[in-house]
Each structure stands twice: as C-alpha cells, then as structure tokens.
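Just so you know, residue 1 is the first one in the sequence shown, and it goes up from there.
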Amino acid sequence: MSGTATGPAGWPIAGTGVVNSVGAGTAEVFAALCAGRGAPSVVRSFGTGALRTRHAFEITDPPQRPAAWLCRAVAEALAGAALPEDLSEVPVLVGTGLRDLRGAERNWLAGRSGPPDPHFGRALLDRFGACDTHTFAGACSASLYALALAADLLATGRAETVVVAGVDTITASMYALLDRVQPGAPREVRPFDRRSAGQLLGDGAAAVVLRRPGHGPARAVLRSVGLRCDAGHATAPDPAGLVAAQREAHERAGIKAGEVGLVHAQGTGALLNDRAEARALAEVFGRGGGPLIAAVEGMTGHTSGGSGLLSTVLAAECLRTGRVPPVVGLREPIEEAEGLRFSTGDRADGAGLTIAQVNSFGFGGVHAVAVLGKAA
C-alpha cells in the first residue's frame with residue numbers, strides 16, 4: 001500500500017484542536033509540553049487490583065467520553081480556522097484505534113445490551129450537523145491514514161475543506177493486555193531509553209482543518225503523507241517498512257531527507273518499537289547531526305489511533321513558534337538510538353525550522369509518515 005499525493009505547495013492546516021491528559025486547547029497543551037509538564041497518575045476509571053501496572057495518562061473527568069473530547073477538539077480547530085460550527089457540507093474523517101470500547105465495557109458490566117455508536121457519527125451530527133463522517137479503526141496510525149485521505153479529497157477536487165480528527169480512550173481490556181505482555185510495570189514512559197519498562201496508555205483527541213489554498217492564513221502546510229502496509233508481523237514493526245514509509249513521504253513531498261529539520265517520533269517506550277524506529281531513523285537520516293527528534297509520549301502516554309494527529313498538531317506549532325518539546329524520560333539512549341539528536345526542550349532548538357516530519361507506526365505493519373512545511 002502506498003500513500004497520498006499532495007498539491008505543489010501543500011495543503012494549508014487552517015486550525016487545530018487538542019484535548020488530552022495535559023490540558024485542553026492547542027496553546028495550553030503545547031506550552032505544557034514545551035515546559036516538560038505531563039505525567040501519569042494512578043488509574044481511576046477501572047480497577048487494577050489484579051494487574052501489575054497501576055498508572056496511565058487519563059483525562060480526569062470521569063466517566064470517559066471520547067466523543068465529547070472529539071467534539072471539543074473539532075470545535076477548537078473550526079474556531080482557529082474562522083469557520084462556523086456547521087459541518088453539514090464538510091467531510092469529517094476520524095482515526096481511532098479502540099473507538100469507544102470503554103463505553104462497550106461499561107455497558108457489558110452494567111448488563112446493558114448493545115455497544116455505543118462505534119463510528120462517532122451521531123455525536124458529530126448532533127453537535128455540528130455533520131452528514132459525511134467516516135471512522136477509521138486502523139491501529140496507531142489511523143489518524144494519519146485519515147489525514148492522507150483528506151489530502152486526496154482536496155487533490156481530486158472532491159472537497160474544499162476537510163476536518164480530520166483522531167481520538168482514543170484507555171480501555172480496561174487493552175490496559176490489561178499490555179500489563180500481561182510488557183516486561184515490567186512502568187510508572188513512567190521513557191522513550192528510547194535502556195531502562196524503559198514499557199509503554200503507558202493515554203486519553204486524548206486532536207483535530208485539524210485542512211483546506212485548499214486561498215482560504216486564508218495557515219498554521220502550517222501538509223506537504224505529503226506516505227503510507228505503508230508491510231504486514232510483516234502482528235505487533236513487531238519491521239524497520240524496513242518504517243524506512244520505506246519515511247522515504248515515500250519525502251519523495252511525495254519533493255524533498256530530500258537532509259531537508260527535514262524536526263522529526264516527531266512515535267517513541268512509545270516499548271523497547272521493540274523504539275529499537276525498530278531508532279534503526280529506521282538512523283538509516284534514513286544517519287547518525288551524528290541530522291534532524292532534531294522530539295517524542296512526547298513521556299508526557300502524554302500513547303494515545304493510540306489519535307497519536308499521529310496529536311504529533312501533527314504539535315509539529316505545526318513547532319514550525320510556527322520555533323519551540324520544540326523535550327523528550328521527557330530519556331536518560332540513557334538505547335544502542336540503536338545513539339548518535340540521534342534528541343530535543344532537550346531548549347526554546348532555541350527549533351529556530352529556523354521549515355520542514356517537520358511525523359512518524360506513526362501501527363500494529364500489523366500499518367505505517368504512516370506525514371511531512372509538514374512552515375506556512376508562508
């Protein structure tokens with residue numbers, strides 16, 4: 001599977017929105033992450049007495065309502081793009097890994113039949129009048145797959161404006177599965193670190209408004225999305241597939257690897273994933289020098305299918321402001337990451353950035369890489 005085409009100069013990202021455990025609103029979340037704020041807490045939404053792990057990055061407003069976070073992020077993105085909250089004629093594409101599985105779990109425990117709407121369509125219709133909505137449940141890269149489709153809709157003239165969102169919630173079943181398969185019981189997330197005990201899940205939603213050129217100012221431009229499905233293993237990423245996805249994104253954006261100034265890595269803290277991503281980064285960009293590398297999951301947790309779009313929003317802010325969040329939790333890099341240039345969080349780190357890359361790698365070898373450019 002290969003990825004999307006874009007316009008010659010890219011598609012303007014006119015507005016953005018974020019809700020996660022760190023805060024609500026692009027400005028609030030970005031400022032907190034640049035300051036290195038954001039940490040897991042003891043899980044409150046379900047019992048963990050039978051598990052080793054106790055921590056996660058929850059939005060502490062029980063009960064968990066991913067549809068509400070989704071609508072809040074979309075509303076912020078529309079406001080940022082100076083658009084009304086009327087999506088009756090605008091496609092809305094939502095990427096997610098687990099949809100509202102937590103709602104289904106609660107229904108089952110309460111003896112209620114029937115899961116909640118898994119496609120978020122009803123919530124978007126009720127709030128925004130959205131009629132053309134599509135939900136993609138494509139593992140951790142789902143929201144960047146949605147972003148790729150949005151670019152294709154613009155490129156083919158099927159739409160003038162597209163809203164793209166990603167949302168996921170921590171579920172008891174996925175949390176227990178991770179607890180069973182991880183080597184330890186992490187109390188923090190340490191991306192690319194030798195002593196990482198594994199990853200922790202996080203709640204969150206992110207949204208962007210993507211438009212054709214000529215509709216006003218942009219926060220950044222989407223240059224390309226490279227897609228790849230290597231289907232090599234159910235869970236273990238293949239570095240070759242990660243390399244191919246990055247190179248395809250560069251080719252479609254019309255750039256060389258050396259032009260990328262910043263990479264928002266996935267950096268989940270899962271050693272198998274981090275080793276594969278680090279090897280792939282080193283192969284594409286080399287060791288010593290190369291782009292600055294950010295990874296925020298030490299402050300947000302892994303927001304599953306919404307993680308790629310969250311990083312896209314953050315990359316747009318990095319390009320716009322010249323600030324880059326630090327890699328919290330990284331103290332002693334794994335061997336595969338030695339020589340890569342990780343962000344220290346210094347405000348000057350991102351000065352002069354013009355091109356940023358976002359990595360999003362999913363189970364089953366479903367990978368996506370976005371390339372963003374600084375708005376004119």
Side-chain angles (χ1 to χ4, degrees), residues 13-45 55-85 87 92 94-100 102-103 120 123-124 126-128 130 143 146-147 163-171 189 200-209 219-220 264 294 296-318 320-321 323-326 328 358:
I13 297 174
T16 64
V18 177
V19 180
N20 63 15
S21 61
V22 176
T26 299
E28 178 182 339
V29 170
F30 186 67
L33 295 179
C34 285
R37 295 196 301 270
S41 57
V42 174
V43 172
R44 295 167 52 184
S45 299
H55 293 75
F57 293 79
E58 289 181 297
I59 295 176
T60 54
D61 183 18
Q64 294 174 321
R65 297 186 179 94
W69 311 332
L70 170 64
C71 289
R72 188 168 182 177
V74 169
E76 185 199 347
L78 290 173
L83 290 173
E85 290 191 3
L87 296 177
V92 183
V94 182
T96 181
L98 302 174
R99 299 181 287 183
D100 191 10
R102 183 65 190 136
F120 300 109
L124 293 165
D126 290 346
R127 173 67 187 273
F128 305 105
S143 57
L147 188 66
V163 173
V164 187
V167 61
D168 255 306
T169 182
I170 303 165
T171 70
V189 175
L200 291 173
L201 297 175
D203 292 326
V208 302
V209 174
R219 302 181 78 87
H264 265 273
V296 299
E297 296 202 359
M299 297 176 280
T300 67
H302 184 51
T303 53
S304 302
S307 59
L309 205 65
L310 169 62
S311 291
T312 299
V313 171
L314 299 176
E317 288 301 288
C318 292
R320 193 178 68 83
T321 67
R323 299 179 65 190
V324 178
V328 168
V358 175

Can you sort out the partners of [X] under side-chain contact (heavy atoms from CB on, under 4.5 Å), two or more places apart, ordered by chain and number?
X	answer
Thr16	Ile13, Thr26, Val208, Arg219, Val313
Ala315	His264, Ala356, Val358, Leu372
Ala75	Glu85, Arg127, Phe128
Val43	Phe46, Thr48, Ala56, Glu58, Tyr175

task: Verify, without hydrogens or angle tests, whether Asp203 (side chain) and Thr169 (backbone) share a donor-acceptor contact under 3.5 angstrom.
output: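 No, Asp203 side chain to Thr169 backbone: no donor-acceptor pair under 3.5 Å.
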message: Donor-acceptor pair, distance only, cut-off 3.5 Å: does the side chain of Ser143 make one with the backbone of Leu309?
response: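 Indeed, once roles are kept as given, a pair shorter than 3.5 Å links the two residues.
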Looking only at non-hydrogen atoms, find the nearest pair between [X] and [Y] and report the distance.
X	Y	answer
Val19	Trp69	CG2-O, 4.0 Å
Ala77	Gly17	CB-N, 3.9 Å
Glu28	Val22	OE2-O, 4.1 Å
His55	Pro40	CB-CB, 4.1 Å
Phe57	Ile170	O-CD1, 3.9 Å
Pro326	Cys34	CD-O, 3.7 Å

Side chains of [X] and [Y]: closer than 4.5 Å at any heavy-atom pair?
X	Y	value
Phe120	Val92	no
Cys318	Pro325	yes
Val94	Leu124	yes

statement: CG (Leu200) and OG (Ser41) are apart, to the nearest 0.5 Å, by 10.0 Å
- line: CG of Leu78 to CG of Leu83, rounded to nearest 0.5 Å, is 6.0 Å
field: Test salt bridge (Lys or Arg N to Asp or Glu O under 4.0 Å) applied to Arg72 - qualifying residues, sequence neighbours left out
entry: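 Partners of Arg72 by the salt bridge (Lys or Arg N to Asp or Glu O under 4.0 Å) criterion come out as none, since no residue qualifies.
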- prompt: Among pairs that include at least one residue of residues 297-316, which meet side chain to side chain donor-acceptor pair (under 3.5 Å), considering only residues two or more places apart or in two chains?
  reply: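 Sorted result for residues 297-316: Glu297-His302.
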